Amino acid sequence: MVHVVAEDKIGKRTLLMGNEAIARGAIEAGIQLAAAYPGTPSSEVMETLATVADDLGFYAEWSTNEMVAFEVASGAAITGVRSLVCMKNAGLNVVMDMFMTLVYSGVRGGYLIVVADDPGAHYSSNEQDTRFAAMYANILCFEPANQQEAKDMARIAFELSEKFELPVFLRSVTRLSHASGDVTYGDMRKEKRKAIFDRHWKLPYRWNVYGPPSTVSKHVWLFSRAPLVKEFVESTEFNTLEIVKGARVGIIASGIGSSYAREAVRGLGLDGRVSFLKIGTPYPLPEKKIGQLLNSVEKVIMIEEGDPVVEMQVRALSNSLAPGRKISGKMAIDQILNPYDELTPNVVAAAIAKFLDIKFEEISKSRLEAKAEIRKLVAPRSSTLCAGCPHLGTYWALKVALRRSGGKVWIVNGDIGCYEQGGYGIFATKLAPSFVDHSVKYDIDTPYDTLDTNYIMGGGIGLSQGEFHAKYEDGAIVAVAGDSTFFHACMPAIVNAVYNKAKVTFLVLDNAWTAMTGHQPNPTTGMTAMGQQSPIFRIEEIVKSLGAGLVKVADPYNLKEAREAIEEGIKYPGVSVIITRRLCTLQYLREARKSKTKIVPYAVNKEKCTGCKICIQLGCPAIDFEDGSKKAGIDPLTCTACDMCAQLCPFRAISPGGSQ
Amino acid sequence: MNKTKDLNLIVAGVGGQGSVLASHIVADAAVRAGLKARVGETFGAAMRGGAVSSHIRIGEDVQGPLVAEDKLDILIALEPLEGLRIGVKYLSPTGIAILNTKAVPSIDVNIGKATYPEISTIVSSLERLCKKVVAIDATGLSIKSGSAKTLNMLMLGMAAATELLPFPIEILKETIRERVPKGTEDLNMKAFDVGYKAAKELL
Ligand SMILES: Cc1ncc(C[n+]2csc(CCOP(=O)(O)OP(=O)(O)O)c2C)c(N)n1
């Protein structure tokens, strides 16, 4: 059966997730290559494309990081082939060098750059707004309001990209990428182009920014494309202006913000009373339409998801086109919306109501009181590592090894992946800030309190070296990262550590998958995005050849083995790399289900259990503690029989099936 | 069948209960019936056992994917605590809560760092927030009807029994048949019917 996004049915109307809609648009445009690195909320674009790539005859890959993905897709575009690259917000930071430079040569085949931002930081290290990057690079930026537009914009982007000879940027957000809506299909372009290469295509030394006449000449060329782009943004229906005669207030709303704004207008009974400019291209803006709106009203409300990117431009335009307008949005002057966190229907409606000084449907006092009372009953449901997750074993072993390293003030530098939960502090009680001027020791109770630093992918291994070279001597310096993260950004940092003689211990938690983002394959998996087998990269071989002095592989399910390896690493007077290797539990369970392997869950012998709670400190969600009996218990439905809790129970009270 | 106004639903549960599939089936059925639909998902980390809720909006002209606070018409709670978490924020005073009474305690409760509210307290709290609460041990019913895995479809049956869905029930059934895993169609249809009947008795 063909996947729904690959169906060649013009006019078909169906429910698609935003990311699927983007994939559908690219398919309709006839892409021949797609490359991406996973990152929530962007991953389903590539997951969808990879599923249908074989059937539709195009190439799709999960690359080792966003920069590589970007370069792979750029290479295809230079040879005249339609290509797409996709990443999450943070991914674009990794790509910036090539991103800022590719625009000097432009492209020959249509090139779509899809970036999914994450206002509200549901899945991200920050809330950055990548529309700024499109402005920075001087390329067209699309921002869809719904799934239909996501499909339509992705589709037309390729044509436009070929017309402008520049990449086109599509900025999505979590509430678009991870939301579904009705989408009507267009036709599918089936023509496949032959990849061709011409060094001097239309411009001398086209694909070489150092080629004659000069780099600046290519920058000049970039600006020469602006009129074409401007002409498009003025005429496209993605930017629509509805002027209400006599209205004194206008709303300018971009992307998903325009969806919230339209509903707020309706909900507040303002239909037919305010003018509305819906923006689909936050860069460049349709200046004529903005001028028309500004000149027809006295006040303007700005609604957009993320930073005030459109607002900054509108304020600047207003100075010359229609001075004296009151403009309110997220910027400090006359601010009505917070410049952080995501928009919601309530936030938008309340902001518009406040601006217009009209009554926003208020909730009665008694209802608010009832809600406050009820809210107190709602127990938290903290996110944890899975039952039987190998990272639990690594963190247990690390905790014991650190304690045995002399009990000094260690630093554990974290990284991004499932194991980042080692820094979620979900059961933490010590939240008071500290103001002393010496190192302070904080012991680790559950694994969720292990990580001392955490920023971005590949960050920990670099930070650890700075700590060492700053002459930090109050305790061990450790960094952790997963296998996908290792290939993404850690290798140059390891070479740096070795060459510049740092003394750090690096733990690689190898579970053979990019698990956090929904199980994409990576070079430790043995499979490509399109399902082809590929040789597995062994991280120990790589780090040995990079010059790490001590390299050990341990099984995190064997707590003693893992602890001893980490202890050895901490003692080692140079760069040590400890690889804790065990298949991701979710993959293990999937395989067990397929092969019908029976898993015999563990159980607690209630006579032997003393209620010491040491097993609770493993942080496994299958282990509970009964308040009444003051004994531990194991949920037979979620236990994966990993054996870790049995190993650490001082009273040998835990065993398979509880038979011991 | 109610065609005049937008309908807001939220399916709330924990990872693995099938709330995402259930919400997509409802929205898909609406699209098949010629309406517009949106589904907005909020998961915590996509790990097992985390809270998962899915917003569904159906109507002639729905735009955004999120339900506004106090505007939820139908809450489908596959798990009681998650039902309360969503209900207290979103339920409309005129809304209906369809509640599975079988608890899945959170890790915070399991290790003694938090207390799971009494089910009767959850029910009475929801009653303070909305017009009607339909509370059933839906997990127990779905096991009886053949498999615990059909809990989501059983509760869709309960939602259909409210007669508030703005499209014919046949379209919903047809969508379920097409979208549940192959080989489980009959099991899921049976669960749907069991849920429909059980809720009818209480409505
Ligand atoms: C620059 C960047 N790209 C992508 C992501 C999304 N992301 C979060 S964790 C992760 C990788 C996790 O894989 P791995 O390191 O193998 O750890 P696991 O989750 O398997 O434990 C990715 C790609 C990100 N946070 N930053």
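As the structure is a computational prediction, the values presented were derived from the model and not from experiment. Below, read A as the first sequence line, B as the second, and so on, with proteins coming before strands; counting in each chain starts at 1.
Of all heavy-atom pairs spanning B:V39 and B:A27, the tightest one is CG2-CB, 3.3 Å. In terms of heavy-atom proximity, B:L203 sits nearest to B:K132 at CA-CE, 4.1 Å.
Contacts between B:V67 and chain A at a heavy-atom distance below 4.5 Å involve the backbone alone (N, CA, C, O). For a residue to count as touching a neighbouring chain, one of its non-hydrogen atoms must lie under 4.5 Å from one of that chain's; by this rule B:H24 touches chain A with backbone and side chain alike. If you measure heavy-atom distances from A:L176 to chain B, you find no contacts under 4.5 Å at all. A:F427 touches chain B through backbone and side chain together, each having a heavy atom under 4.5 Å away. Proximity to chain A is limited to the backbone of B:P105, based on heavy atoms less than 4.5 angstrom apart. Residue B:S125 touches chain A through both its backbone and its side chain, counting heavy-atom pairs closer than 4.5 Å. Both the backbone and the side chain of A:R381 have a heavy atom closer than 4.5 Å to some heavy atom of chain B. Of the atoms belonging to B:E118, not a single heavy atom falls under 4.5 Å from chain A. Looking at A:C389, neither its backbone nor its side chain comes within 4.5 Å of chain B, counting heavy atoms on both sides.
A:E263 pairs with exactly one of B:R38, B:K71, B:R57 by the salt bridge (Lys or Arg N to Asp or Glu O under 4.0 Å) rule, that one being B:R57.
When each of B:E82, B:K113, B:R32 is scored by its heavy-atom pairs under 4.5 Å with chain A, the top score falls to B:E82. For chain B, the option among A:L377, A:T14, A:I426 with the highest count of heavy-atom pairs below 4.5 Å is A:L377. When B:D61, B:L126, B:V62 are compared by the number of non-hydrogen pairs under 4.5 Å with chain A, B:D61 comes out ahead.
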